[in-house]
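When reading the values below, keep in mind they use all heavy atoms of this one structure, side chains included, and skip hydrogens, waters and symmetry mates. Both counts, for ligands and for their atoms, begin at 1 and track the order of listing.
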Amino acid sequence: MRVVRRSDELRLLLEERRRKGLTVGLVPTMGALHAGHLSLVRRARHLSDVVVVSVFVNPKQFGEGEDFEHYPRDSEGDLELLRGERTDIAFLPSVENMYPPGATVEVTAGPIGDVYEGADRPGHFNGVCTVVAKLFNIVEPDLAVFGQKDAQQAAVMKRLVKDLDFAIDLVVAPIVRESDGLALSSRNVYLTAEQRNQALALSRSLELGRDAYTQSGDCQLTEKTMLQYLQDAEGVDVSYAGVVDPDSFDAPQPSGRILLIVAGRVGKTRLIDNLVVEAADGGGG
Ligand code: PAF
């Protein structure tokens, strides 16, 4: 595995691979890798000849008072895990390399970036769009793999690819969960044993939401069921519980797939989770 820290070096390496007709798959990450990330790398490994994984804690997607300074960082551990997945290139740029002094242009996500996660974290999705657009331009991948765990981010990425005409196949890989239902997240390391237990309320609220929808087909009732469960759950400070269209994050289409989304704080740790429910599972919108 090559470890590359500069974008110009990465461009040269990839030019060489592309000249040989090899396809390139990109997995953008912020490091602190866990089994969820590794499932994305495996997906890229399966679908492309050359796998590039970027590890970059992007300051632009953290708001004031968020955990940028304390975000878990373990580049040695990350590199070890990436070697184990037969990653070809690990790209670990510095903040100065990604955002040289004087850089001012940014990409904005538009309305989809202003609701739910975007409402709670103003500017977050603009930061994600900006860094991912830069990574797309540096790597010029044939495909890029994102996780369904960050469902709104995946929807924003679909818009980014479409709206800015990136010729990239976007692959969204399923959420990886612990056996008790907790969705894997780099932020789980912040949780004490008690908080980890309390955090299970998020995935449980989604299961209750799915059952409510299956029985009633009523989005409002589904939303209310999830919200009530989270409000009653010990140790959870709920941010939102919603039922949305998985692509637009607007109100769901009457007969389409729906996405159940929840977010809340357990202690100081903000956690999100989601579940797709097929229209056939419920009675409609
Ligand atoms: O999902 C993440 O880890 C980040 O938002 C991403 C896509 C790597 C951009 O910094």
J.: Relative to the heavy atoms of P28, which atoms of ligand 1 are at a distance of less than 4.0 Å?
T.: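 Answer for ligand 1: 8 (C).
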J.: Is the shortest distance from a Lys or Arg side-chain nitrogen in E207 or R204 to a carboxylate oxygen in the other one below 4.0 Å?
T.: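 Judged by the 4.0 Å cut-off on N to carboxylate O distance, E207 and R204 do not form a salt bridge.
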J.: Does T29, backbone or side chain, put an N or O under 3.5 Å from an N or O of ligand 1?
T.: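 No; the residue has no nitrogen or oxygen that sits under 3.5 Å from a nitrogen or oxygen of the ligand.
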J.: Could you name the option among Q61, K60, M157, H37 that has the heavy atom nearest to atom 10 (O) of ligand 1?
T.: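 Looking at heavy atoms only, Q61 sits closest to atom 10 (O) of ligand 1.
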J.: Kindly give the heavy-atom pair with the smallest separation between A199 and L191, and that separation in Å.
T.: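 Heavy atoms only, the tightest pair is CB-CD1, 4.1 Å.
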J.: Just to confirm my output: which protein heavy-atom neighbour is closest to atom 7 (C) of ligand 1, and how far is it?
T.: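 Protein heavy atom at minimum distance: Q153 NE2, 3.4 Å.
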J.: Keeping R11 on the side-chain end and N137 on the backbone end, is there a donor-acceptor pair under 3.5 Å?
T.: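 Indeed, once roles are kept as given, a pair shorter than 3.5 Å links the two residues.
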J.: Inspect the contact between R270 and D120 and indicate whether a charged nitrogen and a carboxylate oxygen are less than 4.0 angstrom apart.
T.: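 Judged by the 4.0 Å cut-off on N to carboxylate O distance, D120 and R270 do form a salt bridge.
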J.: Show the atoms of ligand 1 that are less than 4.0 angstrom away from any heavy atom in V131.
T.: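 Listed by number with element: 9 (C), 10 (O).
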J.: So which atom in V128 and which in Q153 form the shortest heavy-atom distance, rounded to 0.1 Å?
T.: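 Shortest heavy-atom contact: CG1-OE1, 3.5 Å.
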